[in-house]
Number of protein chains: 2
Amino acid sequence: MTQIGFVGLGRMGGNMVARIKRDSNHEVVAYDRDADTVQRIAAATGARAADSLEDLVGQLDAPRMVWIMVPAGAPTQGTVDELADLLEPGDMIIDGGNSKWTDDRERASALSERDIDYADVGVSGGVWGLQVGYCMMVGGPEAAVRRLAPILDVLAPETTAASRGTLGDHGWGHFGPSGAGHYVKMVHNGVEYGLMQAYAEGFDLFDKCDFELDNAKIAHLWNQGSVVRSWLCELAALAFEQEGNTLAGLSGYTADSGEGRWTIEDAMDKDVPTPVITASLHARFYSRGNGDFTHRMLAALRAQFGGHATKKSADG
Amino acid sequence: MTQIGFVGLGRMGGNMVARIKRDSNHEVVAYDRDADTVQRIAAATGARAADSLEDLVGQLDAPRMVWIMVPAGAPTQGTVDELADLLEPGDMIIDGGNSKWTDDRERASALSERDIDYADVGVSGGVWGLQVGYCMMVGGPEAAVRRLAPILDVLAPETTAASRGTLGDHGWGHFGPSGAGHYVKMVHNGVEYGLMQAYAEGFDLFDKCDFELDNAKIAHLWNQGSVVRSWLCELAALAFEQEGNTLAGLSGYTADSGEGRWTIEDAMDKDVPTPVITASLHARFYSRGNGDFTHRMLAALRAQFGGHATKKSADG
């Protein structure tokens, strides 16, 4: 039996607590700054409720482990800072959010001065993780990761025989010192942008081509033994089934949560050509209506050198 | 029991004949221009051997079906032309190669004047198809495809429950008139270029990053519940296991068999932005050492405006 505190009970954190409580006898003390969420998750999962970070730390036995699952950036850093003041030497903080790997390095170094361990865990799997398990990329000191292993084991998917040789008997991976987990997860997300954009371009062609094609049928078929079969292709089939062949009800505005940018930043730092990941991020910028000035400037320049007609904008 | 002729017994055609003979009681008459290959495949699979196209046609009962599985372009067109002169009205030709969809339209139209049916089948699955089954994207007249269905059924993978609603009870898809099968397969390959490039860029970063990462371990882990899990990611894990973490023994020269170009051609025809598929094809051009003149010109221009040092080439 392992004991862990969980801070942040949103879609990811809440489901992770649920999976731990459903599939193990580990003890979870759960906190979220929204008190109703704490009560709901505690009632649904059997986790113990905490009404503050201080209460959460008080309910855990030393040496403590506290898993933070809140948005990257200021919310995560604020939680780390608060916890650092509440925890004792020998305790451990785990950041399961989407922090930048360079922040992990700084945090680990700052916390080590207080003898608090730190592990960074990149988590993939989204809302399907409760059912399938979470793919977890872990960075941090060997001993700290070993201590966390029982929690990782229950959160991870069942390993397939093929993977067991490389991963051992667990479905998560420890990739190196602090930052390595979030680094591997960051690149995972950069790759994800490229994969999504590749499928999207292909289906955009199907939408415009000379044939009347059934996109859901294509996505389903591609998952039957084709080279492009994948989980994203399965999700594409679901999307076309639910939203229709033209996705007409959806806005194309596509956000990004930062990992694509960081991937490209590191690619520039290491002089690695990443045309596809870069183009995928830029496609998302275009999807938000950015590039509009570029387009007006292209029109203006064409008009200048060739006298090509320009269209006046509706409000111009 | 259905009877079919097979022309072209290479890696794809030979395995397809083997799968048909292994998993059904269909009759196959097999021909390849290499006589040893014909004898080998006939002995291994139980298909009947033919020593010429004329012999193959003679061994089939009318109305005949002949499946062509030879390289796209001149070899396929030559085989279609020869067969057209040997076949009778009511017979049918199936092109299972990687023909361009616009060629299918012309062929179907020419053959219809002789009352010979034509179906185009885009086949994905590579050397794994014998075991897994072939993902087949089919174009052609409804009646012709219905006649071919028993053969497609045995070549296709077992359908999954999720796909059955859209695809019916078979693991192949009929997408429209002549050309539709190869069109969907062409875009499949364009998407495949993008997916491959996205993974390749990600692992290139792992190769250059601040951490010592185990690429096989990452590829295996990504297949445990992550968003980027896919068959290509499984193949990446195999590749790193077999070739080592740096792939040092491989040449990076990457060929293309045309479908990526045709995808981009049609994207230009339909004004569909395809930055990722386009960048992926160009990455393959770079992989062959192309772009070298561009690079010398960039160096020359930098020298001109800024007096930047240029390197003399070894042979310059």
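Naming convention: chains lettered A, B, ... in sequence-line order (proteins, then strands); numbering from 1 in each chain. Predicted model only: the values in this text are computed from it and were never measured. Quick note: numbers below take in every heavy atom, side chains included, and nothing from hydrogens, waters or symmetry partners.
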Decide yes or no for A/Met186 and B/Leu205: does some side-chain heavy atom of the first lie under 4.5 Å from some side-chain heavy atom of the second?
no
A/Tyr183 and B/Leu213: which non-hydrogen atoms are nearest, and at how many Å?
CD2-CD1, 4.3 Å
Below 4.5 Å from any heavy atom of chain B, which atoms of A/Val227 appear? Answer side chain, backbone, both or neither.
both
Among B/Trp222, B/Tyr193, B/Tyr134, B/Trp128, the residue with the most heavy-atom pairs under 4.5 Å to chain A is B/Trp222
Ranked by heavy-atom pairs below 4.5 Å to chain B, first place among A/Ala198, A/Ala200, A/Ala219 goes to A/Ala198
With heavy-atom distances below 4.5 Å as the criterion, would you say the side chains of B/Pro275 and A/Glu201 are in contact?
yes
Among the options B/Pro177, B/Cys209, B/Ala279, pick out the one with the most heavy-atom pairs lying under 4.5 Å from chain A.
B/Cys209
Does any backbone or side-chain atom of A/Asp210 lie under 4.5 Å from a heavy atom of chain B? Answer side chain, backbone, both or neither.
both
Over 12 foreign heavy atoms within 6.0 Å of CZ, B/Arg11
no
If you count heavy-atom pairs within less than 4.5 Å of chain B, which of A/Lys217, A/Gln197, A/Glu192, A/Lys208 leads?
A/Lys217
Decide if atom CZ of B/Arg302 counts as having more than 12 heavy atoms of other residues, nucleotides or ligands within a radius under 6.0 Å.
no
Hey, which of A/Gly173, A/Ala283, A/Ala237 has the most heavy atom pairs under 4.5 Å with chain B?
A/Gly173
Measuring heavy-atom distances to chain A, does B/Trp101 have an atom under 4.5 Å in its side chain, in its backbone, in both, or in neither?
side chain
Please rank A/His282, A/Lys185, A/Met137, A/Glu158 by heavy-atom pairs under 4.5 Å with chain B and give me the top one.
A/Met137
Which portion of B/Ala267 sits near chain A, non-hydrogen atoms under 4.5 angstrom
both
What part of B/Asn223 gets within 4.5 angstrom of chain A, counting heavy atoms only: side chain, backbone, both, or neither?
neither
pair B/Phe175-A/Leu221: side-chain heavy atoms closer than 4.5 Å
yes
Any side-chain heavy atom of A/Phe203 within less than 4.5 Å of one from B/Val187?
no
Distance (rounded to the nearest 0.5 Å) between B/Lys270 NZ and A/Phe206 CZ
12.0 Å
Chain A: which of B/Asn189, B/Val123, B/Asp204 shares the most heavy-atom pairs with it under 4.5 Å?
B/Asp204
Would you indicate whether the side-chain heavy atoms of B/Gln224 and A/Trp172 approach each other to under 4.5 Å?
no
Under 4.5 Å from any heavy atom of chain B, what part of A/Cys233 do you find: side chain, backbone, both or neither?
neither
With a 4.5 angstrom heavy-atom cut-off, which part of A/Met136 approaches chain B: side chain, backbone, both or neither?
backbone
Return the minimal non-hydrogen interatomic distance between B/Cys135 and A/Gly225, and the atom names on each side.
CB-C, 3.8 Å
Using non-hydrogen atoms only, which part of B/Val272 is less than 4.5 Å away from chain A: side chain, backbone, both, or neither?
side chain
Choice from B/Ile218, B/Leu238, B/Thr278 maximising heavy atom contacts with chain A below 4.5 Å:
B/Ile218
Is any side-chain heavy atom of A/Val276 less than 4.5 Å from a side-chain heavy atom of B/Ser280?
yes
Atom OG of B/Ser230 and atom CG of A/Leu232: how far apart are they, to the nearest 0.5 Å?
8.5 Å
At a 4.5 Å cut-off on heavy atoms, which part of B/Thr102 comes close to chain A: side chain, backbone, both, or neither?
neither
Let's go through B/Arg229 and A/Val132 carefully: what are the C-alpha distance in whole Å and the side-chain angles of both, what is the deciding distance for side chain to side chain contact (heavy atoms under 4.5 Å, CB included) to 0.1 Å, and is it a yes or a no?
CA-CA 12 Å; B/Arg229 63 190 187 264; A/Val132 175; 4.1 Å; yes
Non-hydrogen atoms of chain A under 4.5 Å away: do they reach the side chain of B/Glu234, the backbone, both or neither?
neither
Heaviest contributor of heavy-atom pairs below 4.5 Å to chain A, chosen from B/Gly126, B/Ala156, B/Gly179, B/Gly139, is B/Gly179
Greatest number of non-hydrogen atom pairs under 4.5 angstrom with chain B, of A/Pro157, A/Ala216, A/Pro273, A/Gly194, falls to A/Pro157
Does any backbone or side-chain atom of A/Ala180 lie under 4.5 Å from a heavy atom of chain B? Answer side chain, backbone, both or neither.
both
If I measure from the heavy atoms of chain B, does A/Glu212 come under 4.5 Å with its side chain, its backbone, both, or neither?
backbone
Can you say whether B/Phe211 sits under 4.5 Å from chain A via the side chain, the backbone, both, or neither, judging by heavy atoms?
side chain
Heavy-atom closest contact (A/Ser226 atom, B/Trp231 atom, distance):
O-CE3, 4.1 Å
